[in-house]
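Some notes on the structure that comes next.
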Amino acid sequence: MRKIKTVFFCQNCGYQSPKWLGRCPACGEWNQFAEEEMRKVDEGDPFQIGFNESPMPIEAIELDDNERIKIGIAEMDRVLGGGIVKGSSVLVGGDPGIGKSTLLLQVLQNLAHAGHTVLYISGEESARQIKLRGNRIGASSNNLMIYVEISLEAIMHQIEYLKPDVVVVDSIQTIYSSKLSSAPGSVGQVRESSERLILLSKKTGVPIFLIGHVTKDGAIAGPKVLEHMVDAVLYFQGDSGHTFRIIRGVKNRYGPTNEIGVFEMRDHGLFEVTNPSALFLSERPKGAAGSVVVPSMEGTRPILVEIQSLVSETNFGVPRRTTIGVDHNRVSLLAAVLDKICGLHLVNHDIFINVAGGVRLNEPAVDLGIVSSLVSGFLGRPIDAGTIVCGEVGLTGEVRGIGHIETRIKEAAKMGFNRCILPRIVSSDVFSETDISLIRISNLKELIDELF
Ligand code: TYD
Ligand code: MG
């Protein structure tokens, strides 16, 4: 009898080992190894791995005039860097029920209306269920093909046969290759299916969107290598309690990363939000202590968001530091700076910080916002509602320069703000036309003097 060759895969990161291990040497996770069969490549395989091309000078490579396909949904086009690149593979991850299937069906619907032939492959829902969803979002076109299938070989065959302009696979975890004996959703299957779909997309030039499930800590389920294999990774985020959703690019080989697109989930599908600042500031309380607005750059676009904080004396034990939307360590660091440099005794206070609307801020330019919000919450004194603050804060309490200052100020002016507190270092000649009064500071003491 032929011996079946097996290897052990870490279900978390995809690390391979010939024997079982308790702890993965690559990612450090415990108890993640599962035994899976090795792929056997047989002769005459119609989908042999490899491009079968010969080396050529870069000068000889020809480019199409229209290398990108415009979707016509501006928020989505921007996140992709100006449309879908031919032959590219895009991984879209997100929590269950957030609207991944809805979003991509709408993308395909838009493309179908523009005359492209598109194929939606689902391994999760029946054709009737997709039709029901399609009715809700008004999808009806003969160019939009629905194909319910989980067999990788059948899917690849259909893509080669139909030659659609764009393909969506919902979801990669349901696809099953008969070449492997492991179950759909296992690391081996996910890797095999995505590898071959990505190759097919590169060979034929058909762009493919792969929908991926996420694990409970938010990463795309399956091997980490999946994110390295694809050309772009987008995360569809949002709070199931809120109606708006954000699509965020975390990797993009053909465009800027960290671009976001904002949508609102309504009864008839997702609608674009063209002015996210207005949305995020719409419920802002006026004259409340602890609330401040910061202009944060999301990719190439400035967005005004509100940071709120609640500072109260610790009654028992170690003070709590709870943050939503900003980095926990950053807040601890800034609280320590305020304590040491400005003499605000935050050490025996609980700190709760929240970014309104469920936005996540991760650029250093919001430091000054966090600090202002903490000081305002601690003193119980509100910050003037027409003021925005931006700047990075260093460990000695100095305020450091940041980028894109002009764009940020323009957005603030558009939203009706009249005062901006910013770092002194920023060169002064760039912005002259706005009627916002600019207050330049170089340390936190000056900030507190300006604010209160
Ligand atoms: P879905 O696209 O199925 O999510 P995913 O594929 O990420 O699991 O979205 C399902 C949710 O969206 C569900 O809670 C219902 C809601 N929804 C609307 O509110 N309006 C709509 O028009 C549609 C189609 C869905
Ligand atoms: Mg779905």
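All values derive from a computational prediction rather than experimental measurement. Counting starts at 1 for both ligands and their atoms, following the listed order.
Inter-residue side-chain proximity for Thr407 and His404 is flagged as met; some heavy-atom pair is nearer than 4.5 Å.
Asp77 and Lys70 are not joined by a salt bridge, as no carboxylate oxygen comes within less than 4.0 angstrom of a charged side-chain nitrogen.
In this structure, Arg266 satisfies the cation-pi test against Phe271, with its NZ or CZ atom closer than 6.0 Å to the six-membered ring centre and inside 45 degrees of the ring normal.
In this structure, Tyr254 OH and Ser88 OG are separated by 6.0 Å, a value rounded to the nearest 0.5 Å. Taking OG of Ser140 as the reference point, atom NZ of Lys131 lies at 7.0 Å (rounded to 0.5 Å). Between atom CD1 of residue Ile260 and atom CZ of residue Arg78 there is a gap of 8.0 Å, rounded to the nearest 0.5 Å.
Residues satisfying the side chain to side chain donor-acceptor pair (under 3.5 Å) test with Ser141, not counting sequence neighbours, are none. For Asn252, there are no side chain to side chain donor-acceptor pair (under 3.5 Å) partners, not counting sequence neighbours.
Distances under 2.8 Å from the Mg ion (ligand 2) pick out the protein N/O/S atoms Ser101 OG.
A distance limit of 4.0 angstrom between heavy atoms and ligand 1 selects the residues Asp95, Pro96, Gly97, Ile98, Gly99, Lys100, Ser101, Thr102, Arg133, Arg136, Met265, Arg266, Asp267, His268, Gly269.
Separation of the Phe8 and Tyr15 ring centroids does not fall under the 6.0 Å cut-off.
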